[in-house]
There are 4 protein chains.
Amino acid sequence: MVKKDKPKYKQIVDAAVIVIAENGYHQAQVSKIAKQAGVADGTIYLYFKNKEDILISVFQEKMGMFVSKLEEILSRDIKASEKLGLMIESHFSLLANDVHLAIVTQLELRQSNTEIRVRINGVLREYLILMDKILVSGMENGEFDKTMDIRLARQMVFGTMDETITTWVMNDHKYDLVELAPKVHRLLMKGMRT
Amino acid sequence: MVKKDKPKYKQIVDAAVIVIAENGYHQAQVSKIAKQAGVADGTIYLYFKNKEDILISVFQEKMGMFVSKLEEILSRDIKASEKLGLMIESHFSLLANDVHLAIVTQLELRQSNTEIRVRINGVLREYLILMDKILVSGMENGEFDKTMDIRLARQMVFGTMDETITTWVMNDHKYDLVELAPKVHRLLMKGMRT
Amino acid sequence: MVKKDKPKYKQIVDAAVIVIAENGYHQAQVSKIAKQAGVADGTIYLYFKNKEDILISVFQEKMGMFVSKLEEILSRDIKASEKLGLMIESHFSLLANDVHLAIVTQLELRQSNTEIRVRINGVLREYLILMDKILVSGMENGEFDKTMDIRLARQMVFGTMDETITTWVMNDHKYDLVELAPKVHRLLMKGMRT
Amino acid sequence: MVKKDKPKYKQIVDAAVIVIAENGYHQAQVSKIAKQAGVADGTIYLYFKNKEDILISVFQEKMGMFVSKLEEILSRDIKASEKLGLMIESHFSLLANDVHLAIVTQLELRQSNTEIRVRINGVLREYLILMDKILVSGMENGEFDKTMDIRLARQMVFGTMDETITTWVMNDHKYDLVELAPKVHRLLMKGMRT
DNA sequence: AATGAATGAGTATTCATTCAT
DNA sequence: TATGAATGAATACTCATTCAT
């Protein structure tokens, strides 16, 4: 059993999400995270190399949910358009159901220093690669415009989703994010379809 | 003559952009900005309330350029679609011509704490309101889809632009950003037109 | 059978010498000593009260070799001057043959806090008392200057030996220490003889 | 006026000597030194690069006194033997008159890590070089034994002085150190003279 | 207006020691 | 006996801001 599988590892990661969401990135001291996790400060360092390592782990662990979900969607035998719709909906849904996580990924974690953000982008890349697969398959089977610049299309999809979620978080999630998913899907589809 | 019109005010704002772009947000100490501006540390505080105030002023001053340009575009007697195209092009163009500023607005300033970013969003709102005007006029005159959710449309436009610029900055601006403007315009138009 | 006679006691003391010599006093953590000794961290505390106790034990155990040797020399039926010569030679010889030990006693153990060093001096006293016996017997039988201040004489003998060994250790023991013994002996004898 | 000449520099160095002597090396926190010096913690760092830098400066500043005194003695037109006597006496005298300093140089500073001690040894070398000059001139003019190993002789002189002072400090300086100077001188001279 | 020396609050990390198994 | 996971106290250094000159 490796460290990641031990219960305290998950305890600490989850505690970090809560502490960062509630206190903000710059006020998320290691001692606060330890207290929230119900362990001693020193225990943190049995599971994580340093504070930076906690933050990256938060992103890795949580982003893993998105990637898994997306892989599952990709494996289905449905149209690319439908896959895109499911991706948007499940992405919105996961964050709408965990407001703490939404705050952390959309606002707080972006305050980390450039080095951490570069490593976070590495984790993100996996997600974007899967997104590209949907776009490519849709272009190949004629659902999406074959002449589309794939990078621009992906930037539109991801940029729109990101901006939509961030706006929702910044407005204190006072409206229903998941409800917006089909509308976003329709808007993006119109831009991309043949 | 108010403080903003005094030469040192501008000196300090410009120094801040350079220092942040070259050293990163977290390494942009007040003393470095003072040195770059050629003034004493204490002098900064004759023109700015605190460090936070410098950062917001950077955004205000520079965002002003974008707003002025956009107002000029809005005043022209051309189609909404053309206005959108010009907005994208001039936005990309201004940042492509000032890489320091692009780094600061797309990467570094986002590392500031949530409070500063909320205030920066306040500054940004002016720009977004003008953007909305283009969208509304386009919807009214039938150029754009009348059934479109205006907020979603704006999030798509802004999100796509933002993501495109950020990707360009993160890739060390090794390709031509301005060249992408018409492509982005076309993609967005397809999504929004009637 | 007391603790000191158990095999693990010696294992741990020897491990401490190696770890301190190779890593330096300040990098000789209990966990490293435990690992080197092939026991668990907690096991250390079955044999030693605390870390300080290990360090003093190192000195006690090793200093024992010097004391035994010196007792043996004292028991011989030879002149005080010869005893002094043998003491110097065997002292130099023991350290020259265990460079780890030399590093530990001359450099590393002196970095310990004042309290430990006071206790180490207690251990050292036994050795100095034997040294005094040589000096006193030499003064009594007319070999050494009867008017000599015994304490000063001992400080000269010990100070010279110590300084000579420390210089040798600090120069990475690149010359032969034992070879210096007769020279040191001659120099000291000249200072002390009638 | 460089930093070393500013009053606060000396204030801090002197405060460090007192704090280290009274609390021990490992309990001499920067904040304690600052408090003793009557400055803020941060002020320390306007004059010293880091804590290590304070400690080395203590030794440099104070050792400077010994070196100056020794240079003055060397410049006199007297016999080498007399120079040696004056050196011992003034060395003992300076430390006897500043017990804090004696504690720091003989006990506390030796607890510093190897890197600091290497740098301290560099400072010490200057003193030893001057000491060598006395020995060499004495050997050349026939006062001292021409066949003497110069390094051993220096180790005897320095080792005896060091051991004598350390013993005095460890015995809580309850006897008169300066009074021992002529005796130490006589003992050493006997060992070295022709 | 301008200076810049001085301030002092705030925090990640290590490691000797314990104790349930 | 032996283990090793868990503990938690303790500290150097940075840098935004002030204020006497």
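Throughout, protein chains are lettered first and strands after them, A, B, ... in sequence-line order, and every chain is numbered starting at 1.
Projected onto DNA chain F by closest heavy-atom contact, A:V39 and C:K8 fall at different nucleotides, the more 5' of which corresponds to C:K8. Toward the 5′ end of DNA chain F lies the nearest nucleotide of C:A40, the other residue of the pair A:A40 and C:A40 mapping further downstream.
By the ring-ring contact (aromatic ring centres under 6.0 Å, His included) test, A:F66 is found to be paired with A:H91, residues two or more places apart in sequence or in another chain being considered. The side chain to side chain contact (heavy atoms under 4.5 Å, CB included) search around B:E61 returns B:K4, B:Y9, B:V13, not counting sequence neighbours. Every side chain to side chain contact (heavy atoms under 4.5 Å, CB included) that A:Q36 has, sequence neighbours left out, goes to A:A15, A:I18, A:V19. Evaluation of the ring-ring contact (aromatic ring centres under 6.0 Å, His included) rule for A:H100 yields no partner, not counting sequence neighbours. Considering only residues two or more places apart in sequence or on other chains, A:N50 meets the side chain to side chain contact (heavy atoms under 4.5 Å, CB included) condition with A:E52, A:D53. Evaluation of the salt bridge (charged side-chain N to carboxylate O under 4.0 Å, His left out) rule for C:K62 yields C:D14 as partners, not counting sequence neighbours. Shown here are the side chain to side chain donor-acceptor pair (under 3.5 Å) partners of A:K32, two or more places apart in sequence or in another chain: A:Q29. Under the side chain to side chain contact (heavy atoms under 4.5 Å, CB included) criterion, B:Y45 pairs with B:V30, not counting sequence neighbours.
Taken together, the paired segments of DNA chain F that extend over three or more consecutive Watson-Crick or G-U pairs, each closer than 3.5 Å at both contacts, are E:2-21 with F:2-21.
Between the side chains of B:Q111 and A:S112, no donor-acceptor pair is found at a separation under 3.5 Å.
Chain B approaches DNA chain F over the interval F:dC15 to F:dT18, counting the first and last nucleotide 5' to 3' with an atom under 4.0 Å from its heavy atoms.
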List the atom pairs, donor and acceptor, that lie under 3.5 Å between side-chain atoms in residues 117-126 of chain D and the rest of the protein, sequence neighbours left out.
from	atom 1	to	atom 2	distance (Å)
D:R117	NH1	C:L107	O	3.4
D:N121	ND2	D:R117	O	3.2

When you compare the protein's N or O atoms with those of nucleotides 11-14 of chain E, which come within less than 3.5 Å of each other, and at what distance?
from	atom 1	to	atom 2	distance (Å)
E:dT11	OP1	A:Q29	NE2	2.5
E:dA12	OP1	A:K51	NZ	3.0
E:dA12	OP2	A:V30	N	3.3
E:dT13	OP2	A:Y45	OH	2.8
E:dT13	OP2	A:K51	N	3.0

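Nucleic acid contact class of A:F48 (heavy atoms, under 4.0 Å, all strands): none.
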